[in-house]
There are 2 protein chains.
Amino acid sequence: MAKSSVSASVSKLVPKVPGVPSPRRPDFSASTKRGLVAVAEQLFTEQGYSATSLDSIVAGAEVTKGALYHHFSGKQALFEAVFETVEDDATRAIKAALRTTKEPWEKAIAGLQAFLLVVQDPRYRRIVVQDGPAVLGYERYREQEERSTFALVMEIVRSTLDAGTWELEEDMLQTFARIFFGALSAAGDTVAGADDPLAAADRVETALRFIIAGLQTLADADVGLADVDLRLAQGLDRG
Amino acid sequence: MAKSSVSASVSKLVPKVPGVPSPRRPDFSASTKRGLVAVAEQLFTEQGYSATSLDSIVAGAEVTKGALYHHFSGKQALFEAVFETVEDDATRAIKAALRTTKEPWEKAIAGLQAFLLVVQDPRYRRIVVQDGPAVLGYERYREQEERSTFALVMEIVRSTLDAGTWELEEDMLQTFARIFFGALSAAGDTVAGADDPLAAADRVETALRFIIAGLQTLADADVGLADVDLRLAQGLDRG
DNA sequence: GTAAGTACGTACCGATGGTATGTCCCACTT
DNA sequence: AAGTGGGACATACCATCGGTACGTACTTAC
């Protein structure tokens, strides 16, 4: 929790990497860049994006703004770099959980558990969930999510809903995945923001299990999408 | 879409309201304040919170910063005022839709339709969904949502899930409501951001109908929360 | 008429994101 | 061995913007 010791040891210089095209000089670039990202990640998490000044970041990384603007085009670009690292960590954690089992519904449960843990990570909550949309803009935010955690939800949805009973087209799978993704995010927020996170996680699990059980029941009964019709389509035709 | 004519006509002065304790002077305060909120709402929607300067707001409202700071403690307070008006409009629209029917599940569908429309409103998307959490902070954001649209979702969930088959405790209802709220938000985003909003709305409806049908099936089969157990509780005990 | 308070307008400050420019150092050429 | 080109920074500075201090006109109460 201290403020120093963020920038890693810079002792090792690059040992003449011959593979790459033409980075022919020992560059501190990589370590400096990582240091900036690390400090920014910490400060963004603690104070949020707008409340974190570039001066405090470069001070924490023990460089100057010249270095920062040499590596990043601006504050937002730095945020994006931080955003990606946090997302990557989250993706890795969930992927690891998914590898623990192979059965589709079991994978769904394992993924749910991993996601509920990820969303309790302060870095993820603050940088991805809270500041992400506003800073990156909704378009870029969606693009990023599309390639990381959402992709995993999509995969799970595909392996369960598309398993055998139903044959869903791609758009429909996307729709289900988005809905579940939103449900999971809200569930995670609930857990993370609850007075008693453990009890909240328990309730969330129960609720999601119940919803999943409903879908499984429909699958067992061989009920298809076309079978559930509450004739409410016309109401939306005035967009 | 023009930039002028935002501030409404200021012709009417207050006609000596005797009820209130001591607002004893004809104040332009109300109209000035509303004008600021109206201009801010427009600019916040078009450019987002951080990209909108106070100078542009007061210029649009044809006042000065002195007036703004007389009515609001700062930029964030002005945003909160805008936020509340947008939320109020959304709440009103959904409430009106809910009044069209009385049967619980029908109300749920009507509310869903109304919510899908609301979330396509650029003001709601930008001010409430996108900038709201980051500007207000998660705590205040949650408090606001708690009193408006989420309260409606909660009401619907209560009238359906708590109808007769199940007897759910308050915390469980809250959990379901949060999950559904997240699902609806994501569904709305999907619709609003889709290339073909109508087709997307159709898919969203189908998917949500399907999920609801699953719950109804469980209700018909008299399946309770305790009956669905995939023994996954222990995995979360490491919070 | 005067005191008080509201509803602003004007002028200004400090912080912050961003830029322009200079400098050091290494690698490569000749 | 000197020159030179460019990467990796540092320094100094600027412009914008949120916020503040203060002045002023106008109204009401007494």
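Letters A, B, ... are given to chains in the order of the sequence lines, protein chains preceding strands, and every chain is numbered from 1. In this text, all values refer to a predicted model and were calculated from it rather than measured experimentally.
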- request: Any chance you could list the contact pattern along nucleotides 17-22 of chain D? Use B for base contacts, S for sugar-phosphate-only contacts and - for none, protein heavy atoms under 4.0 Å, 5' to 3'.
  value: SBBB--
statement: Hits for ring-ring contact (aromatic ring centres under 6.0 Å, His included) against A/Y49, two or more places apart or cross-chain, chain-then-number order -> A/F44, A/F79
- prompt: Who pairs with B/Y124 by ring-ring contact (aromatic ring centres under 6.0 Å, His included), at least two apart in sequence or on another chain?
  reply: none
query: Roughly, in whole Å, what's the span from CD in B/Q47 to C1' in D/dT16?
result: 15 Å
message: Expressed as a whole number of angstroms, how long is the span from A/H71:NE2 to D/dC9:C1'?
response: 8 Å
- prompt: B/E62 has an atom CD; how far is it from atom C1' of C/dG9, in whole Å?
  reply: 15 Å
query: Quick one: A/F72 CZ to C/dT19 P, roughly how many Å, whole number?
result: 16 Å
statement: Sorted by chain and residue number, the ring-ring contact (aromatic ring centres under 6.0 Å, His included) partners of B/Y69 (sequence neighbours excluded) come out as none
message: What is the distance, to the nearest angstrom, from the CG atom on B/L68 to the C1' atom on C/dT10?
response: 15 Å
Whole angstrom value for the distance that separates C1' of C/dT10 from NE2 of B/H70: 16 Å
Salt bridge (charged side-chain N to carboxylate O under 4.0 Å, His left out) partners of A/R123, counting only residues at least two apart: A/E41, A/D89, A/D121
statement: Residues B/A177 and B/V153: closest non-hydrogen pair is O-CG1, 3.8 Å
Would you mind writing out the side-chain donor-acceptor pairs for residues 186-199 of chain B within the sub-3.5 Å range, not counting sequence neighbours?
residue : atom : partner : partner atom : Å
B/D189  : OD2  : A/Y138  : OH           : 3.0
B/T190  : OG1  : B/A186  : O            : 2.8
B/D196  : OD1  : B/L198  : N            : 3.3
B/D196  : OD1  : B/A199  : N            : 3.3

